[in-house]
Amino acid sequence: MSFSGEVRGELAEIIPEARHCRIAELRAIVDVLGSRSITEPDGRRTLVFRTESQTAGRKLFTLMKKTFNMDVVVQRTGGRPGGHRDVYEIRAGGPGADAMLKAIRHATVLNLPCCRRAFLRGAFLAAGSVSAPEKSYHLEISCSGEGAAGEVQNVCNSLGFTAKTVLRKNDYVVYLKEGDQIVTMLGEMGAARSYLAFENARVVKEMKETVNRKVNCETANLNKTVKSSVRQCEDIRLIQEKAGFSGLTPALREMAEVRLENPDMPLGELGNLLDPKIGKSGVNHRLRKLSEIAEHIRELERLKEEDYYDKEGCSSQTGQRS
């Protein structure tokens, strides 16, 4: 079962003791799913709801029976043409249908925080999903109408969330993308087991990401250190080959010899091998001086090479004229 399925299954088990909370949850399910009203031959009203979620259908059935003692019938159909998922059609009639519609539209339904939490629970049950925390952080509720999406977003934000809405195909989707807010939302809806599972997975994931960042940083620093060491040794060998160490100051000569003897050693440790010992910045300063000397030697070598080819060219031209 997916993580979303586990959350819906847990939320379906919650039947509020307070009637006003049951009405708030019903309001969310009705708003998010949408409904149509049929007038029977005897004049009675029948409400019809359709959902692909068996869990949502079962919760709707329970809430309507328990709160308004309605005559409820659930029928499973084949869904839309070409579809592979079953669709559950819930029909509710009798005197309770009008009473329920009147109750869920009452202006004070969402006044209490407990009712707003029940509303979010119903909205998620009807058309919500949440990514497994090991993969990404994303919770959304898909609403069939802009008005329903606006109400879901407003209720979310009234509880301290920063929900946003986007139009996706024909549905308005209210979503959260921050791990802290998603785990808090699970707690507000009453999904205690899912809350703990999400939080545990999030902690493990973030620890792994922290370790990976540190490893990547240390690897990058190590690569940088190795490249610097290779370049420093190349510079020192060039000085040794072309000019020797005799022209260097005692401090630079000592630095060059210590670096060649310890090509992989960090700068801070190299400083401890010098007499007297110096810090990392001092070592870096001396190695930079050696690099400047090596670059000067390279420049002289390039000038000599250019001068050689210039002379060769002139000799060739003189020979041709004679």
Using a 6.0 Å cut-off, check whether atom [atom1] of [X] has over 12 heavy atoms from anything other than its own residue.
| X | atom1 | result |
| --- | --- | --- |
| Lys65 | NZ | yes |
| Glu292 | CD | yes |
| Asn170 | CG | no |

Side chain of [X], backbone of [Y]: donor and acceptor closer than 3.5 Å?
| X | Y | value |
| --- | --- | --- |
| Arg76 | Asp86 | no |
| Arg22 | Glu17 | yes |
| Glu254 | Asp275 | yes |

Rounded at 0.5 Å granularity, tell me how far [atom1] in [X] sits from [atom2] in [Y].
| X | Y | atom1 | atom2 | result |
| --- | --- | --- | --- | --- |
| Glu209 | Arg202 | CD | CZ | 11.0 Å |
| Ile29 | Ser53 | CD1 | OG | 9.5 Å |
| Phe119 | Leu112 | CZ | CG | 14.5 Å |
| Met64 | Phe49 | CE | CZ | 5.5 Å |
| Glu140 | Leu176 | CD | CG | 10.5 Å |

When you check the side-chain N and O atoms of [X] and [Y], is any donor under 3.5 Å from an acceptor?
| X | Y | value |
| --- | --- | --- |
| Ser136 | His138 | no |
| Gln181 | Thr162 | yes |
| Arg288 | Ser291 | no |
| Ser158 | Arg116 | yes |

Contact summary for Leu11 and Ala191, nearest pair of heavy atoms:
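Looks like CD2-CB, 3.8 Å.
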Salt bridge (Lys or Arg N to Asp or Glu O under 4.0 Å) partners for Asp71, two or more places apart:
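For Asp71, no residue satisfies salt bridge (Lys or Arg N to Asp or Glu O under 4.0 Å) once neighbours in sequence are set aside.
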Between Lys205 and Tyr137, is NZ or CZ placed under 6.0 angstrom from the six-membered ring centre and within 45° of the ring axis?
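Yes, Lys205 lies over the aromatic ring of Tyr137.
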For Thr165 and Val173: C-alpha separation, side-chain torsions, deciding distance, then whether side chain to side chain contact (heavy atoms under 4.5 Å, CB included) applies.
CA-CA 5 Å; Thr165 301; Val173 180; over 6 Å; no
Show me the side-chain donor-acceptor pairs of residues 241-253 shorter than 3.5 Å, one per line, residues at least two apart or across chains.
residue: Thr249; atom: OG1; partner: Leu252; partner atom: N; Å: 3.2
residue: Arg253; atom: NE; partner: Glu257; partner atom: OE2; Å: 3.3

Going by the side chain to side chain donor-acceptor pair (under 3.5 Å) test, which pairs reach into residues 54-63, not counting sequence neighbours?
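Residue pairs with at least one partner in residues 54-63: Glu25-Lys59.
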